[in-house]
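The first residue of the sequence shown is numbered 1, and numbering continues consecutively from there. Both ligands and their constituent atoms are indexed starting at 1 by order of listing.
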Amino acid sequence: MTTDTTIRLVRGACPHDCPDTCATITEVRDGVAVRFGADPAHPVTDGWLCAKVRPYLERVYSDERVLYPLRRVGARGAGEWRRISWDAALDEIATRWRAIIDEHGAAAILPYSYSGTLGVLQSAVVDARLWQRLGASGLARTICCAAAHTAVAATLGARYSADYADVIHSRLILIWGHNPASTAPHFMPFLRQAQRAGAHVVVIDPRRTLTARSADQHIQPRPATDAALALGLMQVIFAEQLHDEAWLTAHSIGWQALRERAAAWPPERAAAVTGVPAETIVALARAYATTRPALLKTADGVQRHANGGQTFRALCALPAVVGQYGVLGGGLSYSTGGYAAWDDAAIRGTAAAQPPRVINMNRLGAALHGELPGPGIHALYVYNANPVASTPNAGRIVAGLQRDDLFTVVHEQFLTDTAMYADIVLPATTQLEQVDLHRPYGHRWLQYNHAAIAPRGECRSNWDTSRALARALGFDEPWLHQPAEDVLRGIVDASRAGNPFLAGITLERLQQEGTVPLTIAGQQRVPFADGVFPTPSGKLELYSATLAAQGLDPLPSYQQPAELAAAPADGLVLLTGASHHFVTSSMANQPSLRRREGEPFLEIHPADAAARGIGDGDAVLVENARGWCALRAVLTDAVAPGVVVSPKGHWARYAPDGRNINWLTPDALADLGGQATFHSNVVRVRRRDA
Ligand SMILES: Nc1nc2c(c(=O)[nH]1)N[C@H]1C(S)=C(S)[C@@H](COP(=O)(O)OP(=O)(O)OC[C@H]3O[C@@H](n4cnc5c(=O)[nH]c(N)nc54)[C@H](O)[C@@H]3O)O[C@H]1N2
Ligand SMILES: Nc1nc2c(c(=O)[nH]1)N[C@H]1C(S)=C(S)[C@@H](COP(=O)(O)OP(=O)(O)OC[C@H]3O[C@@H](n4cnc5c(=O)[nH]c(N)nc54)[C@H](O)[C@@H]3O)O[C@H]1N2
Ligand code: SF4
Ligand SMILES: [Mo]
């Protein structure tokens, strides 16, 4: 009987930036997590975890975890550390920050974070509270999906999407600039089911991805030309009277203006811009307009371009033109993140205050070089992020991090590329060692994460660290010190009050049941089935007066990104989407996953390789004005001539040259939302020995 009393099964949530938000179960014996797996009863997780997270215990119990606060003793970036106590670390941070505030003002302190964990407590709450009290610079979190969020808000009003399972009702499925076989793996069984039932699956992606390999059709547009492709499809649909005029008239604004805009995009013009044959465009337009239900499923890769916002507007418009919003198995599947919108005041714990300024996270390198209004940045505090590996134009960031007058603190689980430049590293808990509440963006079940084990070493969660920092700074407001569960209860209660999708959902239920479905009843199962859109007009805004008022194009449009327009004759467009075995740079230090992902590579078309004397497996240098990176060439027709691919996520530390693909990526901002433009990236490639 003794063993029985010491075995516990603990419910949790996968914390990673992934739409699937899997429900996990950890088996704990005598305080040690001995097994980690999936909840067999969860309707999406369905008893399995992806290849990335299955070995999570390898991560939790890794010898390379940071377990104690560390003080840099050698040169910046040299990786020489001395263990210090939490008290000493907090005292040094508070002292340095106070001195910086006295001399430059609190705006000189920049907190930098993104999606290491998506839990509301360890990210949103921590992102809001202490920094507001401190008066630090704000951070515009625009690295991932800002253009799409802006486009969806302007067009549909909210991010609502159907359940993955509803794809089985689709007859035609366009998977557009999205690679779910790697990035939303739990969608794939439902897609297969639809395909077996006769649905036609089309993948639209410049790369033949893992997802494209199992599709019925792969359409390969040139990068950043999707708005032209979408307008070309609309031109055919309108010209052939295949549009749903009754739906457009009843539920949208500006469809005639859109028809006029699309009229300028006959198939020949769209073909010339996109590289997709005119016949293919015509055939796809007819199929999309006449096959019902038709689903357009997309994600964020397609909008990481300088024209990503208007591209996403065009994608949002397509289902409207063919009357597929509100149809079971039809419409747009992008994100479910809008259902459980958390109450902002409860996240903050107090009245909102404007930060002294807001810095776009994609411009971190520029900001560290003083290219910003107001005082320079003298203190950087990084958590939930690894900007040296994951933020664009990383060479510029590293140069900034080497500034002698910069005081950098990194709160991390591992000595990442970024932590290597810290003055102080604070040890962070993993998901098994902390509590949180997770709202998914791919499905519609909330997930509670109980702490399964005690923190290893002296690790602390983001929230506990935030509380400790507040104390060290002498801030005693109760909203900076609440116990974790009180914060979560406050958020759930306040959010439920204004949101029918949270009806009947309490913290107690979440804690007891682990997985709790959002209250999406009856007709609301299919997003926008009532034809009502939470926009200013209550309709789907093909023409957006909101964008017009900001001096932006009120209709979806195509603009070639400036960097692509200025490409030299031998320039290639470099796409750097998701790696299969990492989530951005998270996991890219786990030995088993590094082995499976292999060496950093560059997919290049054999014709482009031949023109450069490059053979399969050759070491190549990829370069542009921002920097260079060494990779291994993979000759493949998975990419068209003119396009090369190297997935994101590898740590720069592990490369012999100490750099990764983000030494090349642009820190220019997109047309909407201040979005990152990773893929509007022109490079030259040559043999390393040439
Ligand atoms: N395995 C794995 N899963 C992940 C992640 C990961 O790193 N690895 N990252 C997570 C995160 S942070 C996010 S935001 C999501 C992203 O999820 P996705 O958006 O599905 O992933 P990406 O690979 O970024 O981009 C999807 C595709 O966009 C394509 N693309 C690039 N430019 C264009 C274009 O101009 N037109 C078209 N049509 N396609 C284009 C790329 O070739 C890529 O195949 O995935 C999450 N899941
Ligand atoms: N070239 C290229 N680069 C890209 C992209 C691309 O398409 N191409 N995609 C971009 C996208 S979509 C995204 S979302 C960003 C993601 O960029 P980041 O948010 O920087 O994500 P990661 O690089 O995975 O780093 C997250 C870090 O958080 C740490 N962490 C995890 N949990 C916790 C915690 O509880 N507390 C603390 N303190 N730390 C924790 C992890 O150990 C990890 O080192 O990357 C972007 N980078
Ligand atoms: S990364 Fe995604 S698919 Fe993998 S376990 Fe986490 S939520 Fe599930
Ligand atoms: Mo992302």
Side-chain angles (χ1 to χ4, degrees), residues 13-24 38 44-45 48-54 56 59 112-117 119 122-123 126 143-145 176-180 182-186 203-207 209-212 219-226 229 298-305 308 311 382-387 389-392 410-414 416-419 426 428-431 434 436 440 442 461-462 465 573-589 639 643 645-649 660-662 664-665 676 678-681:
C14 173
H16 289 292
D17 192 341
C18 170
D20 294 2
T21 314
C22 287
T24 61
V44 176
T45 306
W48 59 279
L49 303 177
C50 70
K52 312 180 283 292
V53 173
R54 236 174 278 138
Y56 197 71
R59 181 173 184 84
Y112 192 96
S113 70
Y114 199 63
S115 64
T117 168
Q122 311 297 352
S123 63
V126 172
I143 201 166
C144 175
C145 47
W176 200 317
H178 176 29
N179 183 17
S182 293
T183 63
H186 290 81
V203 167
I204 302 175
D205 196 306
R207 181 191 192 202
T209 56
L210 203 51
T211 310
I219 294 176
Q220 246 174 326
R222 293 192 184 108
T225 64
D226 301 79
L229 181 57
T298 188
D300 291 305
V302 66
Q303 49 91 69
R304 291 192 195 112
H305 281 288
T311 298
V382 181
Y383 59 102
N384 281 348
N386 184 7
S390 303
T391 299
V410 177
H411 184 206
E412 252 298 349
Q413 298 164 348
F414 293 95
T416 59
D417 289 341
T418 308
L426 299 174
T429 44
T430 66
Q431 187 75 339
Q434 62 195 22
D436 221 326
S461 72
N462 293 341
T465 304
V573 181
L574 171 61
L575 306 180
T576 55
S579 293
H580 189 71
H581 298 93
F582 313 144
V583 176
T584 308
S585 82
S586 300
M587 292 113 172
N589 62 323
V639 291
V643 178
V645 166
S646 184
K648 65 173 172 175
N660 77 3
I661 202 68
N662 275 325
L664 294 149
T665 50
F678 288 103
H679 307 320
S680 294
N681 183 11

Any [X] heavy atom less than 4.0 Å from ligand 1:
| X | value |
| --- | --- |
| P223 | yes |
| G649 | no |
| H581 | no |

Requested in this report: Indicate yes or no: does an N/O atom of R207 lie under 3.5 Å from an N/O atom of ligand 1?
Outcome: no
Query raised in the report: Considering distance alone, does some N or O of I204 sit under 3.5 Å from an N or O of ligand 1?
Result: yes
Could you find the nearest protein heavy atom to [atom] and give me its residue, atom name and distance?
| atom | value |
| --- | --- |
| atom 21 (O) of ligand 1 | T183 CG2, 3.5 Å |
| atom 23 (O) of ligand 1 | A578 N, 2.8 Å |
| atom 24 (O) of ligand 2 | S586 OG, 2.6 Å |
| atom 30 (N) of ligand 2 | G116 CA, 3.9 Å |
| atom 36 (N) of ligand 1 | D226 OD1, 2.6 Å |

Going by heavy atoms in the side chains, are [X] and [Y] under 4.5 Å from each other?
| X | Y | answer |
| --- | --- | --- |
| V126 | S113 | no |
| T584 | D17 | no |
| I204 | P221 | yes |
| T211 | H178 | no |
| H411 | N462 | yes |

Does the N or O separation between [X] and ligand 2 drop below 3.5 Å for any pair?
| X | result |
| --- | --- |
| T391 | no |
| Y114 | no |
| S585 | yes |
| V583 | yes |
| Q122 | no |
| T416 | no |

Please work out which of [options] has its closest non-hydrogen atom nearest to [atom].
| atom | options | value |
| --- | --- | --- |
| atom 39 (N) of ligand 1 | P206, G442, S390 | P206 |
| atom 19 (O) of ligand 1 | C18, G301, C145 | G301 |
| atom 43 (C) of ligand 2 | H16, E412, Q431 | E412 |
| atom 41 (C) of ligand 1 | I219, T584, D205, N179 | D205 |
| atom 3 (N) of ligand 2 | F414, F678, Y383 | F678 |
| atom 33 (C) of ligand 1 | H679, H178, M587, H305 | H305 |

Query raised in the report: Should D300 be listed as contacting ligand 2, given a heavy-atom distance under 4.0 Å as the test?
Result: no
Report task. Tell me, please: is A389 in heavy-atom contact with ligand 2, that is, under 4.0 Å? Result -> no
Query raised in the report: Heavy atom under 4.0 Å from ligand 2: found in N462's side chain, backbone, both, or neither?
Result: side chain
Query raised in the report: With a 4.0 Å heavy-atom cut-off (strictly under), which part of N662 contacts ligand 2: side chain, backbone, both or neither?
Result: side chain
Query raised in the report: Would you call the rings of Y56 and H16 parallel, tilted or perpendicular, where under 30° means parallel and over 60° means perpendicular?
Result: perpendicular
**Report entry** Contact check: C14 to atom 2 (Fe) of ligand 3, N/O/S below 2.8 Å
**Finding:** no
